[in-house]
Amino acid sequence: MPIEILPSLLAADFGYLADGARRAETAGGDALHVDIMDGHFVPNLSFGPDVVAAARRAVALRLNVHLMLTHPDRYVPRFADAGADAISFHVEADCDVAATLAVIRARGLSAGLVLKPATPADAIRPFLGQFDFVLCMTVEPGYGGQSFMDGMRPKIRQVRTLSETAAPHPFPIMVDGGINADTAARCAAAGANQFVAGNSLYSAPDMGAAIAAMRAAATAAFARTPTGSL
Ligand code: DX5
Ligand code: ZN
């Protein structure tokens, strides 16, 4: 399963978002992660569909849109129209989860299910086969620059077990929050293979070197897992 690094636009300079998106592309990011917050599901506000459309014009990178919204189902079509390639939303949201996953897939996009730190791995079980990836939050969603929650690793391992033993096909596991080369390797050892990183990449003097270092650390750790040796 490929290792992917996704710079998070939330950590870019908001005065120069197109430049921030292009920086992620030039540095070798695999996709651009775009955080959408409604000030209700999480206590912060960030971007709307027009910012996703602007990123779409700025880069050819895949756009991975993370909806932190109470009603993600109401906004999926607008983010799809804006040029998202993948849309994830929270299993804790106030919507019909299966129907919302189906709408995202019907638009031809990759559909992701996100778990807050307190939500158990088993929450994805009813939806196995209906999503394309799982995002395990490694901080409370809402803000960049928080510290990685090391206690999430057993849950990542449980999600990887569900991926390998209960799902119709193994699915990628993404982590988001406090990710740097060291914490990416710890998550990879637990079975994660997609890494969202905001501050650690955007504050690096050389984002390309930071992505390469994160990729090398995660690749080595993931290869040592049972999944990595498949
Ligand atoms: C947090 C967002 C993250 C955020 C991560 O709610 O979902 O994507 O950008 O930022 P860092 O990597 O700085 O923790
Ligand atoms: Zn995110």
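Counting convention: from 1, in listed order, for ligands and their atoms alike.
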Hey, would you say the F89 and F131 ring centroids sit under 6.0 Å apart?
-> no
Between G145 and ligand 1, does any nitrogen or oxygen pair lie at a separation below 3.5 Å?
-> yes
Would you check the N or O atoms of D176, main chain and side chain alike, for any that come under 3.5 Å of an N or O of ligand 1?
-> yes
Which of the numbered atoms in ligand 1 are below 4.0 angstrom from a heavy atom of [X]?
X    : result
H66  : 7 (O)
P141 : 6 (O)
G177 : 14 (O)
V196 : 8 (O)
A197 : 12 (O)
G142 : 1 (C), 6 (O)
G144 : 10 (O), 13 (O)
H33  : 8 (O)

Would you sort out whether S88 and H66 count as a side chain to side chain donor-acceptor pair (under 3.5 Å), showing the intermediate values?
-> CA-CA 5 Å; S88 63; H66 173 191; 5.0 Å; no
Does the R105 side chain pair with the main chain of A111, one donor and one acceptor, at a distance under 3.5 Å?
-> no
Verify, without hydrogens or angle tests, whether T225 (side chain) and F222 (backbone) share a donor-acceptor contact under 3.5 angstrom.
-> yes
Ignoring hydrogens, what is the shortest heavy-atom contact between [X] and [Y]? Give both atom names and the distance.
X    : Y    : value
H71  : D94  : ND1-O, 3.3 Å
A60  : E25  : N-OE2, 2.8 Å
G144 : N199 : C-ND2, 3.8 Å

Given OD2 of D176 on one side and OD1 of D35 on the other, what angle do they make at the Zn ion (ligand 2), to 10°?
-> 170°
Who's closest to atom 9 (O) of ligand 1 heavy-atom-wise, of G198, S147, S8?
-> S8
For atom 4 (C) of ligand 1, closest protein heavy-atom neighbour | D35 OD2, 3.6 Å
Could you check atom 1 (C) of ligand 1 against the protein and tell me its nearest heavy-atom contact, residue, atom and distance included?
-> Y143 O, 3.6 Å
To the Zn ion (ligand 2), the closest N, O or S atom belonging to H66 is ND1
What N, O or S atom of H33 is found closest to the Zn ion (ligand 2)?
-> NE2
Heavy atoms, side chains only, cut-off 4.5 Å: are Q194 and I173 in contact?
-> no
Mind checking whether H33 and D35 have side chains closer than 4.5 Å, heavy atoms only?
-> yes
Counting only heavy atoms not in F133, do more than 12 sit closer than 6.0 Å to its CZ atom?
-> yes
N199 contact mode with ligand 1 (heavy-atom cut-off under 4.0 Å) = both
For G178 and ligand 1, answer yes if some heavy atom of the residue is under 4.0 Å from a ligand atom, otherwise no.
-> yes
Should the ring pair H90 and F41 be called parallel, tilted or perpendicular, given that the plane angle runs from 0 to 90° and is split at 30 and 60?
-> tilted
